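Letters go in sequence order (proteins before strands), and every chain restarts at 1. Atoms considered below: every heavy atom in the structure, side chains included; atoms not considered: hydrogens, waters and symmetry mates. Please read all numbers here as calculations on a predicted model, not as lab measurements.
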Protein chains: 2
Amino acid sequence: MEERHAIQTSVDPVIFTVFDGQLHTLVVKRTIEPYKGCWSLPGGLVDTEQDLDLHSAALRKLKEKTNVAAPYLEQVETVGSASRDPRGWSVTVVYYALMPRPEIALAATHGASEVRWEPVTDGTAAIPLAFDHEKLVRLALERLRAKVGYTSVAVHLLPEPFTFLDIQHIHEVILGRKVEKKSLMRRYLGSGVIEEAQGARKEGRMRPAQLYRLKDRRTIHYFTRTMEGPREE
Amino acid sequence: MEERHAIQTSVDPVIFTVFDGQLHTLVVKRTIEPYKGCWSLPGGLVDTEQDLDLHSAALRKLKEKTNVAAPYLEQVETVGSASRDPRGWSVTVVYYALMPRPEIALAATHGASEVRWEPVTDGTAAIPLAFDHEKLVRLALERLRAKVGYTSVAVHLLPEPFTFLDIQHIHEVILGRKVEKKSLMRRYLGSGVIEEAQGARKEGRMRPAQLYRLKDRRTIHYFTRTMEGPREE
DNA sequence: CGTTCAAGTGTCTTTGAGCCACTTATAATA
DNA sequence: TATTATAAGTGGCTCAAAGACACTTGAACG
């Protein structure tokens, strides 16, 4: 009776960051069977002794691998079936997290186990992942892409302070297409999600750009319309 | 080791239907402790012996209580914590389902246990529910309200064939405000989600209305913009 | 045959996206 | 000091779709 209903339950955070003009996600090398030696998401079983709820379980996993305490974190979807783990029925709650590229070296923060940023190209990670984790990455990316179109989530990937060119680049990297500078400025200036920071960034011999920071790093703003993409003719 | 990680896992479908000009949700009376005698969502534990995955577990619960095999069903969110069930750590995956008001009597389809439609007013059920089920209903309703604004989900609550007045009423009941007839016609006629059905409904001595049906009862259509609500002045 | 009433249409205003040319500010160079 | 290159930022157009609401249409009934 008990055995039929108690299920192995994990959280799998898909941690996104952007550098080198590419979206990356954090993967760790598995040290135990099954899939020993394969790369996988930095998730793991919920621990009923130390986790109060699912959200804090996801935060714990995040903290263990990246040492970042308070990124933007959002639940995506839950997948569970008899077949996704060879050991039997299992459930995993998928999250995605956005953070600026951490300065600290990853390996140092997590002792022995291997950790690294894997580029996400065209919807999936470049290397094969354990279990159904490639599908989980795809789910998280789909959600992120949709949400970037009608909210201010994308800027949570930027270190502060940032310029409008940074905002534009981050949108273009996530969506994989050009976006209109003017549309972004209308949105972000009109909504009050960002505020001016001191100073201005000058790069090379061009006009210096105004610097901004987020007013609130824990919430996102919902714009009234979705970005439409390029016009057809 | 096993005990710390294997968690009681359930699915809780919030089943919506509309009649008497009100949104209703299906509740059942609990026959066992805890919360014996209280009303609750028609959910229950995932059964690893008979359920292949979470979605089919939700469909099974639905079939057991309503005898409806193929409604519109969508995952909302997963909540899990040490405190939501007095017996200990538990996880539940919340779904919402939309169906036309079933003609058959509910009690007859499910033997002994009491089942009934409870009106959902102003965001919550009118009576208190077991566990955190009122919060789960609120989560499902929030999702439904948001989604009605930019998709064709709402019509999955209508029995076929239906008229444009039916479409308008269903939107007004869910959103709790007046909706522009013209906007709905632009959306639904322009998108091809509905098709004309034979005949026309005449009520009283007015002009008869064209009847429609859904082209596909398993999917929904995403419109390009969200409804905006009334203009302020 | 005219009245009644919802069904359905015409059409104006408003909002915000896409597009793209134009002006502005800085630093390197002549 | 003047010129020029380059990115920063603005102005202003077109377009699609929402809101608002008056208008026309058509069947039923006296």
Side-chain angles (χ1 to χ4, degrees), chain A residues 21 146 148-152 154 158 161-172 175 177-197 199-212 221-233, chain B residues 146 148-152 154 158 161-172 175 177-212 221-233:
Chain A
V148 155
Y150 60 94
T151 71
S152 65
L158 292 176
F162 47 81
T163 69
F164 260 108
L165 192 57
D166 295 330
I167 297 183
Q168 188 177 354
H169 281 340
I170 224 81
H171 281 81
E172 293 180 343
L175 296 174
R177 65 172 178 86
K178 288 261 167 234
V179 304
E180 273 298 315
K181 170 177 60 170
K182 193 63 191 287
S183 297
L184 293 176
M185 294 192 73
R186 262 193 301 247
R187 291 179 154 223
Y188 283 94
L189 291 177
S191 65
V193 277
I194 58 176
E195 61 189 4
E196 299 189 353
R201 184 181 305 165
K202 18 193 175 213
E203 254 161 48
R205 53 190 202 167
M206 0 113 175
R207 176 176 174 178
Q210 174 65 51
L211 291 173
Y212 296 91
H221 183 264
Y222 288 76
F223 301 110
T224 59
R225 289 198 201 163
T226 302
M227 286 193 293
E228 293 171 10
R231 295 248 159 96
E232 324 279 305
E233 75 276 5
Chain B
V148 155
Y150 60 94
T151 71
S152 65
L158 292 175
F162 47 83
T163 69
F164 261 107
L165 192 58
D166 295 329
I167 296 183
Q168 188 177 353
H169 281 340
I170 223 80
H171 281 81
E172 291 180 346
L175 296 174
R177 65 172 178 85
K178 286 263 168 232
V179 168
E180 274 297 318
K181 170 177 59 169
K182 194 61 194 285
S183 296
L184 292 176
M185 294 191 73
R186 264 194 296 247
R187 292 180 153 223
Y188 283 95
L189 290 178
S191 65
V193 278
I194 59 176
E195 59 189 5
E196 298 188 356
Q198 289 312 307
R201 185 181 306 163
K202 18 196 176 212
E203 253 160 49
R205 56 188 199 166
M206 0 112 174
R207 177 177 173 179
Q210 174 65 51
L211 292 172
Y212 296 91
H221 184 263
Y222 288 77
F223 300 111
T224 59
R225 289 196 202 167
T226 302
M227 285 192 294
E228 293 170 12
R231 294 250 159 94
E232 326 277 303
E233 75 273 7

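Listed in residue order, the members of residues 164-172 of chain B having a heavy atom less than 4.0 Å from DNA chain D come to none.
Using a 4.0 Å heavy-atom criterion, one finds that B:Glu180 contacts the bases of the nucleic acid, with or without backbone contacts as well. Residue contacts shown for B:Thr163 are absent, as no nucleic acid heavy atom lies under 4.0 Å away.
Within the structure, ring-ring contact (aromatic ring centres under 6.0 Å, His included) contacts touching residues 177-202 of chain B (residues at least two apart or in different chains) are B:His171-B:Tyr188, B:Tyr188-B:Phe223. Legend: salt bridge (Lys or Arg N to Asp or Glu O under 4.0 Å) pairs involving residues 179-190 of chain A, not counting sequence neighbours: none detected.
Residue A:Ser183 places none of its side-chain N or O atoms closer than 4.0 Å to OP1 or OP2 of C:dG16.
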5' to 3', nucleotides 22-30 of chain C under a 4.0 Å protein heavy-atom cut-off (B base, S sugar-phosphate only, - none) gives --BBBSS--
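For the helix from C:dC1-D:dG30 to C:dA30-D:dT1, the terminal axes (five pairs an end, C1' atoms, rotation from four pairs onto the next four) enclose an angle of 30°, given to 10 degrees.
Both B:Thr226 and A:Leu211 lie near DNA chain D, and the one whose nearest nucleotide falls closer to the 5' end is A:Leu211.
Ring orientation note: the planes of A:Tyr212 and A:Phe164 are nearly perpendicular, at an angle over 60° on the 30°/60° scale.
Side-chain N/O atoms of A:Lys178 and base N/O atoms of C:dG18 include no donor-acceptor pair closer than 3.5 Å.
Between chain A and DNA chain D, the heavy-atom contact criterion of under 4.0 Å yields a 5' to 3' nucleotide range of D:dA5 to D:dC15.
A:Pro230 places a side-chain heavy atom less than 4.5 Å from the side chain of A:Arg177.
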